[in-house]
Amino acid sequence: MNSFAEKLSLLPEIIQPILKNTDMNIDIAINIYERFMEVFSDCGMKEAASEIKDEMEEMENTELNIAITGETGSGKSSLINALRGLKAEDDGAAPVGVTETTLNPKVYTHSNYPKVKFWDLPGIGSPDFSPESYLKMVDFPSYDFFIIVGSERFRSNDTGLAQAIQKMEKKCYFVRTKVDADLYNMERSYPNTFNEEEVLEKMRNDLKKQLKKCFRSTIPQVFLISSWDLAKYDFPRLVETLEKDLHSLKKHAFLLSLPMFSPEVTEKKKSVLKSHIWKISLVSACINASSIPDNPLACDHPLACDASLLQRSMVDFYKIFELDGDSLTRLARLARKPVEELKAVMKSPQMEEITIDFVIKKILQYINTAKELFLSLVGRLVAASFSIIYLMLSRFVSNLAEDAERVLKKALEPEP
Ligand SMILES: Nc1nc2c(ncn2[C@@H]2O[C@H](COP(=O)(O)OP(=O)(O)O)[C@@H](O)[C@H]2O)c(=O)[nH]1
Ligand SMILES: [Mg+2]
């Protein structure tokens, strides 16, 4: 692909399936279109694909290191487990209800998204430590942001630490845990006049008032949460805030690693993946691509792909939507239902069935369903391959997102 005119003539075709994709959010489509124009403006197809491949690798290697600190008993380990989609009794979970005996940070890797790491930091505890020496001890520069956990009130240790973190130009957020227990107690105390929203608002205001006294400039935001139920209270707002505050690659990792606690999370993950799969499609169609055997539309209309890249990516999608075997088993245990019952509501195959042969079969199936588009691109190997792969991946992601919703609904269904 050499001349600019040739490139331009190819562009609308290669972008066609993206723009025609009916469940594509228009903002994502525009964004992809702009990125497309950008990568193709000064290089050919192969070079563009190789640039995108580097970008994908950078994304895969992007780590997110989240520091979680606060006094013993404030609920740090429980929050870390909740963020990893685990209960304390699951394998690899942080032990809950134990007093820390070490001052060393302990790392907990996300089981489905190992580049996301949660660091359980001991609270400052002793007044012998200044916030600055504490931050030095826990290796301050390694973290992307800090969550300071407190139950009831935040102590001067916590606010002093937040000030030191802000001074060193990093973000920190206050998280007040165990809100479920406070609400439960208040409801028992005021059985006739209890109003959940009013109690929560009063808790937020009291904390803000307390913090206002300690901070001269920006007061870190406070979020009321229960690690037992992330869908409730301020956790969704914490997600929105981090989504805004994190830069693109870190944001990507954060959103894809979120536990599946609500339909909004499923939607977010679907959007992130939908804005990413054109890259997988382009790389798969251009780099290490080999011919698809048994193309029903004959050998003079070839199609090529890197089926192994597609297979790996599709397996990752299962993990992102918590539809892999381990995640389903955990959910089934929590729901006290046989895992078969959850698997039965999935329309996609189980993750173990996603082999290279399966991928090739899927592509052949899409050549047939998108026959018209395919035939319109005859003679343009990359454009045709890209389009078919893109359509296949896009549908695959939508189907998994629907399965994830069905599985969650089934898990929450009361026993008959
Ligand atoms: N009700 C309720 N209890 C919690 C919550 N988070 C933690 N706990 C309880 O608080 C205690 C201390 O929790 P843990 O996570 O071990 O705190 P850490 O010492 O800061 O790691 C344990 O008994 C937990 O079960 C929560 O959100 N709600
Ligand atoms: Mg702990």
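Atoms considered below: every heavy atom in the structure, side chains included; atoms not considered: hydrogens, waters and symmetry mates. Every number for a ligand or one of its atoms is a count from 1 in the order of the listing.
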>> Quick test: of every protein heavy atom, which one is nearest to atom 19 (O) of ligand 1, and how far off is it to 0.1 Å?
In response: Gly73 N, 2.7 Å
>> Using a 6.0 Å cut-off, check whether atom NZ of Lys53 has over 12 heavy atoms from anything other than its own residue.
In response: no
>> Closer than 4.0 Å to some heavy atom of Glu71 - which atoms of ligand 1 meet that?
In response: 20 (O)
>> I need the nearest protein heavy-atom contact for atom 11 (C) of ligand 1: residue, atom name and distance, please.
In response: Lys178 NZ, 3.8 Å
>> Can you report which non-hydrogen protein atom sits closest to atom 28 (N) of ligand 1, along with the distance?
In response: Asp180 OD1, 2.8 Å
> Can a cation-pi geometry be assigned to Lys106 and Tyr108, taking NZ or CZ under 6.0 Å from the six-membered ring centre and within 45° of the ring axis?
Replying inline: yes
> Using a distance-only test with no angle check, is there a side-chain donor-acceptor pair under 3.5 angstrom linking Ser327 and Asp324?
Replying inline: yes
>> Give me the nearest non-hydrogen protein atom to atom 27 (O) of ligand 1 as residue plus atom name, then the distance to 0.1 Å.
In response: Ser227 N, 2.8 Å
> Hey, which atoms in ligand 1 end up nearer than 4.0 Å to a heavy atom of Gly75?
Replying inline: 7 (C), 13 (O), 14 (P), 15 (O), 17 (O), 18 (P), 20 (O)
> What atoms in ligand 1 come closer than 4.0 Å to a heavy atom of Ser226?
Replying inline: 27 (O)
>> So that I can check it, does any N, O or S atom in Ser77 come closer than 2.8 Å to the Mg ion (ligand 2)?
In response: yes
>> Please tell me whether Lys274 and Ser398 have a donor and an acceptor in their side chains that are separated by less than 3.5 angstrom.
In response: yes
> Less than 4.0 Å between a side-chain N and a carboxylate O, is that true for Arg406 and Asp403?
Replying inline: yes
>> Check this for me - ligand 1, Val179, N or O atoms closer than 3.5 angstrom, yes or no?
In response: no
> Side-chain donor-acceptor pair under 3.5 Å between Ser77 and Asp120, yes or no?
Replying inline: yes
>> Could you tell me, atom by atom, which parts of ligand 1 come under 4.0 Å of a heavy atom of Gly97?
In response: 14 (P), 16 (O)
> Is Leu64 close to Tyr113 at the side-chain level, that is, under 4.5 Å between some pair of heavy atoms?
Replying inline: no
> Please state which protein non-hydrogen atom is closest to atom 21 (O) of ligand 1 and give its distance, to 0.1 Å?
Replying inline: Ser77 OG, 2.7 Å
> Looking at atom 22 (C) of ligand 1, what's its closest protein heavy atom, distance included?
Replying inline: Val96 CG1, 3.6 Å
> atom 7 (C) of ligand 1: which protein heavy atom is closest, and how many Å away?
Replying inline: Ser78 OG, 3.2 Å
> Are Phe140 and Phe146 near enough that their ring centres are under 6.0 Å apart?
Replying inline: yes
> Hey, does Leu79 come in under 3.5 Å of ligand 1, counting only N/O atoms on both sides?
Replying inline: no
>> So if I apply the salt bridge (Lys or Arg N to Asp or Glu O under 4.0 Å) rule between Glu243 and each of Lys268, Lys250, Arg237, which one comes out positive?
In response: Lys268
> Any N or O on Trp228 sitting closer than 3.5 Å to an N or O of ligand 1?
Replying inline: yes
>> Looking only at side-chain N and O atoms, does Tyr134 offer a donor or acceptor that is under 3.5 Å from a partner on Asn157?
In response: no
